[in-house]
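First up is the structure itself, then whatever we jot down about it.
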Amino acid sequence: MAQKEIAVVTGSSTGIGFETSLTLARNGFHTYATMRTLEGSRGSEQITDIAKSENLPLQVIQLDVDNDKSVSEAINTIVKEKGRIDIVINNAGYALVGPFEETSMKEMKGQFETNFFGAARVMQGAIPIMREQRRGKIVNITSMGGRIAVPLDSLYHGTKFALEGLSESLQYELGPFGIKIILIEPGAVGSNFWKNLKIASKTSSSDNIDSPYKQMVNNVSESFKQMQQNTIHPSEVANVILQAVLSDNPDFRYVIGKDATAILEARKSMPDREFQHFMKDQFNL
Ligand SMILES: NC(=O)c1ccc[n+]([C@@H]2O[C@H](COP(=O)([O-])OP(=O)(O)OC[C@H]3O[C@@H](n4cnc5c(N)ncnc54)[C@H](OP(=O)(O)O)[C@@H]3O)[C@@H](O)[C@H]2O)c1
């Protein structure tokens with residue numbers, strides 16, 4: 001790399017974002033490891049300590065993807081300091097779980113605000129800069145759940161399918177300006193994601209003992225527990241992201257993990273009805 005490229009990673013306090021920020025910095029990218037909370041944040045302290053001890057080109061700055069002002073201030077800071085943005089990794093996200101019927105509009109909008117509009121907000125900030133440069137790569141972390149859907153996770157899938165659709169359209173729109181869009185589709189990753197699952201408040205309420213979805217919630221929770229026993233380390237995702245951003249001609253999609261590869265192959269090879277039976281078996285429905 002002749003000149004140090006400038007990378008911005010959202011949601012760097014833990015998991016995939018934390019590992020990706022370090023991996024990019026270790027491979028010569030000047031990396032802005034952004035996170036929504038700086039004060040008292042263990043993630044901020046940890047990543048700063050590692051960066052200092054390894055002498056990495058990594059800076060931590062505040063960026064809450066839900067907040068217009070926070071996103072524009074972060075982007076302005078980076079442009080003021082470095083004059084360019086080469087790589088954006090839209091990683092920040094969480095999963096809202098629960099039966100659709102028991103999920104409030106506020107919870108649904110919150111899920112879209114972070115996972116979909118958060119990425120859109122950061123892209124709208126970075127695209128004009130990349131277009132002027134006639135160069136840039138935007139990496140959107142979706143999921144295997146951006147192409148197949150499991151029960152009781154409808155809003156999460158909604159956000160990830162939406163981000164896939166947005167990205168697919170943008171690859172044509174931005175290609176002429178030298179901006180590449182890349183999708184990262186991991187299967188289950190061993191991060192705080194599972195601990196951070198947001199359960200719809202009605203579903204977790206003690207008044208909900210007669211929920212018609214109770215049996216389904218129990219069955220699906222069991223499958224979720226099994227998924228968590230077969231995870232890959234977030235650094236595996238970070239390494240694939242690194243390969244994608246280093247490539248002059250990256251693929252549009254990167255599927256990561258045996259689970260993701262197997263389920264997406266099944267999806268490809270089966271007609272809808274057969275795939276539905278296959279999924280019902282997986283979730284004891
Ligand atoms: N883990 C998996 O199995 C898996 C599989 C496929 C895809 N993914 C996707 O991978 C991405 C990263 O997840 P992860 O596994 O690394 O989970 P994680 O360990 O829970 O990390 C999520 C990160 O997103 C941040 N975040 C949440 N809301 C934010 C906001 N409004 N503004 C800025 N940052 C925000 C969190 O910050 P705080 O510390 O402040 O909460 C945290 O840094 C997500 O988009 C997720 O959907 C995960």
Side-chain angles (χ1 to χ4, degrees), residues 8-23 32-47 60-71 73-74 88-97 109-122 125 139-150 153 155-164 167 183-198 223-238 240-241 253-261 263-264:
V8 187
V9 183
T10 67
S12 295
S13 64
T14 59
I16 296 170
F18 183 92
E19 292 294 339
T20 301
S21 283
L22 286 172
T23 300
Y32 285 87
T34 75
M35 46 192 88
R36 61 176 158 178
T37 313
L38 297 189
E39 243 157 75
S41 146
R42 259 193 77 211
S44 166
E45 274 173 30
Q46 276 178 340
I47 208 165
V60 175
I61 64 169
Q62 198 272 344
L63 191 160
D64 179 345
V65 300
D66 291 0
N67 184 308
D68 287 342
K69 189 162 169 270
S70 168
V71 171
E73 282 180 0
V88 166
I89 315 288
N90 279 312
N91 163 74
Y94 71 93
L96 173 65
V97 293
K109 287 180 180 175
Q111 175 73 118
F112 266 85
E113 193 61 63
T114 302
N115 291 14
F116 180 75
F117 292 112
R121 202 173 266 119
V122 174
V139 179
N140 290 330
I141 316 293
T142 60
S143 168
M144 65 179 171
R147 288 206 279 151
I148 58 100
V150 307
D153 219 1
L155 269 300
Y156 180 70
H157 291 298
T159 64
K160 295 296 188 181
F161 274 57
L163 190 52
E164 293 245 341
S167 305
L183 288 174
I184 300 292
E185 301 176 329
V189 180
S191 66
N192 285 348
F193 180 80
W194 303 94
K195 202 183 82 194
N196 291 338
L197 291 179
K198 221 177 240 180
S223 306
F224 273 25
K225 275 184 203 146
Q226 279 167 23
M227 279 170 83
Q228 287 173 66
Q229 280 162 11
N230 280 308
T231 55
I232 55 169
H233 192 272
S235 59
E236 287 193 45
V237 182
V240 174
I241 293 172
R253 287 196 160 88
Y254 291 83
V255 177
I256 311 174
K258 285 194 190 124
D259 53 350
T261 306
I263 205 159
L264 292 175

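Every number for a ligand or one of its atoms is a count from 1 in the order of the listing. Any value given below was found using the heavy atoms of this structure, including those in side chains, with hydrogens, waters and symmetry copies removed. None of the values given here were measured: they were computed from a predicted structure.
- Per-residue contacts place Ile16 under 4.0 angstrom from the following atoms of ligand 1 (heavy atoms of the residue considered): 10 (O), 15 (O), 16 (O).
- Ring pair Phe224/Tyr156: centre-to-centre distance not below 6.0 Å.
- Each of the atoms 3 (O), 5 (C), 6 (C) of ligand 1 lies under 4.0 Å from some heavy atom of Gly187.
- In this structure, Ser12 contributes its side chain and Val9 its backbone to a donor-acceptor pair below 3.5 Å.
- In terms of protein heavy atoms, atom 40 (O) of ligand 1 is closest to Arg36 NE, 2.8 Å.
- Contact analysis puts Ala188 in contact with ligand 1, with a non-hydrogen atom separation below 4.0 angstrom.
- His233 contributes no side-chain N or O that, together with a main-chain N or O of Gly190, makes up a donor-acceptor pair within less than 3.5 Å.
- Checked against a 3.5 angstrom limit, the closest N/O atoms of Gly11 and ligand 1 fall inside it.
- The single protein non-hydrogen atom nearest to atom 3 (O) of ligand 1 is Val189 N, 2.8 Å, given as residue, atom name and distance.
- At least one side-chain heavy atom of Thr10 sits less than 4.5 Å from a side-chain heavy atom of Val122.
- If you look at Asp64 next to ligand 1, the close heavy atoms, those under 4.0 Å, come from the backbone and the side chain alike.
- Of the protein's non-hydrogen atoms, Tyr156 OH, 3.8 Å is the one closest to atom 8 (N) of ligand 1.
- Protein heavy atom in closest approach to atom 15 (O) of ligand 1: Ser191 OG, 2.5 Å.
- The residue among Gly93, Ser41, Gly15 with a heavy atom at the shortest distance from atom 22 (C) of ligand 1 is Gly93.
- Residue Asn91 holds the heavy atom nearest to atom 44 (C) of ligand 1 of all those in Ile184, Ile89, Asn91.
- For atom 32 (N) of ligand 1, the nearest protein heavy atom (residue, atom name, distance) is Val65 N, 3.0 Å.
- The shortest non-hydrogen separation linking Ile184 to Pro186 is O-CD, 3.3 Å.
- The closest side-chain heavy-atom distance from Asp68 to Arg121 is below 4.5 Å.
- With ligand atoms numbered from 1 in the order given, ligand 1 contributes 6 (C), 7 (C) to contacts under 4.0 Å with heavy atoms of Ser143.
- Contacts between Lys160 and ligand 1 below 4.0 angstrom, taking non-hydrogen atoms only, involve the side chain exclusively.
- The closest side-chain heavy-atom distance from Met35 to Val60 is below 4.5 Å.
- Contacts between Leu63 and ligand 1 below 4.0 angstrom, taking non-hydrogen atoms only, involve the backbone exclusively.
- Backbone and side-chain nitrogen or oxygen atoms of Asn192 are examined, and one is located within less than 3.5 angstrom of a nitrogen or oxygen of ligand 1.
- Contacts between Tyr94 and ligand 1, counted as non-hydrogen atom pairs separated by less than 4.0 Å, are absent for every part of the residue.
- Selection from Gly43, Ser13, Ala92, Ala260 by nearest heavy atom to atom 36 (C) of ligand 1 gives Ser13.
- Within the structure, the closest approach of Gly145 to ligand 1 does not fall below 4.0 Å when heavy atoms are considered.
- No donor-acceptor pair closer than 3.5 Å links the side chain of Asp64 to the backbone N or O of Ser70.
- With a 4.0 Å heavy-atom cut-off, ligand 1 is reached by the side chain of Thr114 but not by its N, CA, C or O.
- Of the protein's non-hydrogen atoms, Asn196 ND2, 2.9 Å is the one closest to atom 20 (O) of ligand 1.
- At least one heavy atom of Pro186 sits less than 4.0 Å from an atom of ligand 1.
- Within ligand 1, the atoms closer than 4.0 Å to a non-hydrogen atom of Ile141 are 9 (C), 10 (O), numbered from 1 in the order shown.
- Of the charged side-chain nitrogens involved, at least one lies within less than 4.0 Å of a carboxylate oxygen, so that Glu164 and Arg253 count as a salt-bridged pair.
- Considering each of Thr14, Asn115, Leu197, the one bringing a non-hydrogen atom nearest atom 19 (O) of ligand 1 is Thr14.
- Within the 4.0 Å heavy-atom criterion, the part of Thr142 lying near ligand 1 is the backbone and not the side chain.
- The contact set between ligand 1 and Trp194, taken as ligand atoms under 4.0 Å from a residue heavy atom, comprises 3 (O).
- No heavy atom of Thr10 sits closer than 4.0 Å to any atom of ligand 1.
- Between Phe193 and Thr14 there is no side-chain heavy-atom pair separated by less than 4.5 Å.
- Any N or O atom pair closer than 3.5 Å counts here, and Asp66 shares at least one such pair with ligand 1.
- Contact of the Phe116 side chain with the Gln111 side chain is not registered, since no non-hydrogen atoms from C-beta on lie closer than 4.5 Å.
- Not a single N or O atom of Met35, backbone or side chain, sits closer than 3.5 Å to an N or O atom of ligand 1.
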